[in-house]
Amino acid sequence: LIRKGFKPERGETRFHGTAPRMTVLEQNPPPGSRELVGARVTLAVSGGQQMGTIPTVVGMTREQAEVVLETAGFSVGEIIEEASQQPRGEIIETRPAAGSQAPMPTPVALVLSGGPSVLRVPDLVGRSLGEARRLLEQIGLVVGDVTSEGSSGSLVVGQTPEAGASVAAGSRVHLRVAGEAP
């Protein structure tokens, strides 16, 4: 521009995902326009790729983590579930790791706890069938066969495996109820 008799002037700096730092992104007046010698030409330049620090979301729910990541300028990437001693559904890790620098808007993978791989069967005797079903689902177990002992009501009167037994996540717990099976 100087060799052609114009006066270059630096304008705004914009972050850009692919243009290296200090690369001209735009000029005003635009290329090819007719201007008098000595006219000012304003240049918008690249600040390069914007970097950010991956926020800490460990211990949060998936929904909470998504809000925090998006507010920080990142996108939510792959959702992975792994067995862990943390409660089911809690964030146990991010990839890239919290505190690391990454280009924005990098997708951040969330690793959710699938709960422990070995669970203790809760004591369900005396609970309603609906309450027993909800409790088993919350901890990662499944209601198996439900048999009725024929009396009225729907309270759990027996279970297999017994309370306190160690079982794999996703195992079935068979229930005996006093009343008719639904």
Side-chain angles (χ1 to χ4, degrees), residues 15-18 47-182:
F15 290 110
H16 196 279
T18 57
Q49 175 68 58
Q50 184 175 14
M51 300 295 283
T53 303
I54 305 291
T56 301
V57 295
V58 170
M60 295 181 184
T61 65
R62 177 179 174 177
E63 293 77 19
Q64 293 168 327
E66 287 175 353
V67 169
V68 169
L69 287 171
E70 289 168 2
T71 300
F74 295 97
S75 61
V76 176
E78 184 179 12
I79 305 297
I80 303 161
E81 189 172 294
E82 292 181 359
S84 127
Q85 294 305 310
Q86 299 309 110
R88 184 179 189 84
E90 186 175 292
I91 304 296
I92 56 174
E93 180 185 353
T94 59
R95 296 175 188 156
S100 61
Q101 292 287 306
M104 293 170 67
T106 292
V108 177
L110 298 175
V111 181
L112 299 174
S113 172
S117 57
V118 175
L119 302 169
R120 292 232 184 269
V121 176
D123 186 0
L124 303 170
V125 174
R127 297 180 187 266
S128 71
L129 180 58
E131 186 181 1
R133 185 181 308 275
R134 280 189 298 280
L135 179 60
L136 289 173
E137 288 172 356
Q138 284 177 344
I139 65 171
L141 297 174
V142 179
V143 173
D145 297 330
V146 177
T147 56
S148 173
E149 294 199 348
S151 58
S152 64
S154 64
L155 289 180
V156 176
V157 294
Q159 67 185 68
T160 306
E162 293 183 12
S166 293
V167 297
S171 294
R172 295 183 173 278
V173 178
H174 306 288
L175 303 174
R176 287 189 326 275
V177 296
E180 293 191 18

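- Under the side chain to side chain contact (heavy atoms under 4.5 Å, CB included) criterion, E162 pairs with no residue at all, not counting sequence neighbours.
- Side chains of T94 and L110 form a contact here, defined as non-hydrogen atoms less than 4.5 Å apart.
- Rounded to the nearest 0.5 Å, atoms CZ (R133) and CZ (R127) are 14.5 Å apart.
- The closest side-chain heavy-atom distance from V108 to I54 is below 4.5 Å.
- Panel note: side chain R120, backbone A165; no donor-acceptor pair is recorded below 3.5 Å.
- Taking both residues in full, the closest heavy atoms of P122 and L141 are given as CD-CD1, 4.2 Å, listed atom of the first, atom of the second, then distance.
- Closest approach of P55 to A98, counting heavy atoms only: O-CB, 3.7 Å.
- L69 CG to Q64 CD: the interatomic distance, rounded to the nearest 0.5 Å, is 12.0 Å.
- Between atom OG of residue S171 and atom CG of residue L119 there is a gap of 7.5 Å, rounded to the nearest 0.5 Å.
- No side-chain N or O of T61 forms a donor-acceptor pair with one of E90 less than 3.5 Å apart.
- Using a distance-only test at 3.5 Å, with no hydrogens or angles considered, a donor-acceptor pair links the side chain of S113 to the main chain of Q86.
- Nearest approach of P107 to P96, heavy atoms of both residues: O-CD, 4.2 Å.
- Going from atom CE of M60 over to atom CG of L112 covers 13.0 Å, rounded to the nearest 0.5 Å.
- Contact between L124 and V156 at its shortest, heavy atoms only, is O-CB, 3.3 Å.
- The closest donor-acceptor contact from the side chain of Q49 to the backbone of M104 lies under 3.5 Å.
- Residues satisfying the salt bridge (Lys or Arg N to Asp or Glu O under 4.0 Å) criterion with E70, sequence neighbours excluded, are absent altogether.
- With sequence neighbours excluded, the residues that form a side chain to side chain contact (heavy atoms under 4.5 Å, CB included) with D123 are V125, Q159, A163.
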Would you be so kind as to tabulate the donor-acceptor pairs closer than 3.5 Å made by side chains of residues 71-82, with sequence neighbours excluded?
{"residue": "T71", "atom": "OG1", "partner": "V67", "partner atom": "O", "Å": "2.7"}
{"residue": "E82", "atom": "OE2", "partner": "R95", "partner atom": "NH2", "Å": "3.0"}

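- Looking at V146 and V177, their side chains come closer than 4.5 Å, going by heavy atoms from C-beta outward.
- Contact detail for G126 and L155: the closest heavy-atom pair is O-CD2, 3.7 Å.
- Counting only heavy atoms from C-beta outward, the side chains of T160 and V173 never approach each other to under 4.5 Å.
- A 4.5 Å side-chain heavy-atom check between V142 and L136 finds every atom pair outside the cut-off.
- In this structure, CG on L175 lies 11.0 Å from OG on S154, to the nearest 0.5 angstrom.
- Applying the salt bridge (Lys or Arg N to Asp or Glu O under 4.0 Å) rule to E137 yields no partners; only residues at least two apart in sequence or on another chain are considered.
- Across P161 and V167, no two heavy atoms sit closer than the pair CG-CG1, 3.7 Å.
- For E66, the salt bridge (Lys or Arg N to Asp or Glu O under 4.0 Å) test picks out R62, with sequence neighbours left out.
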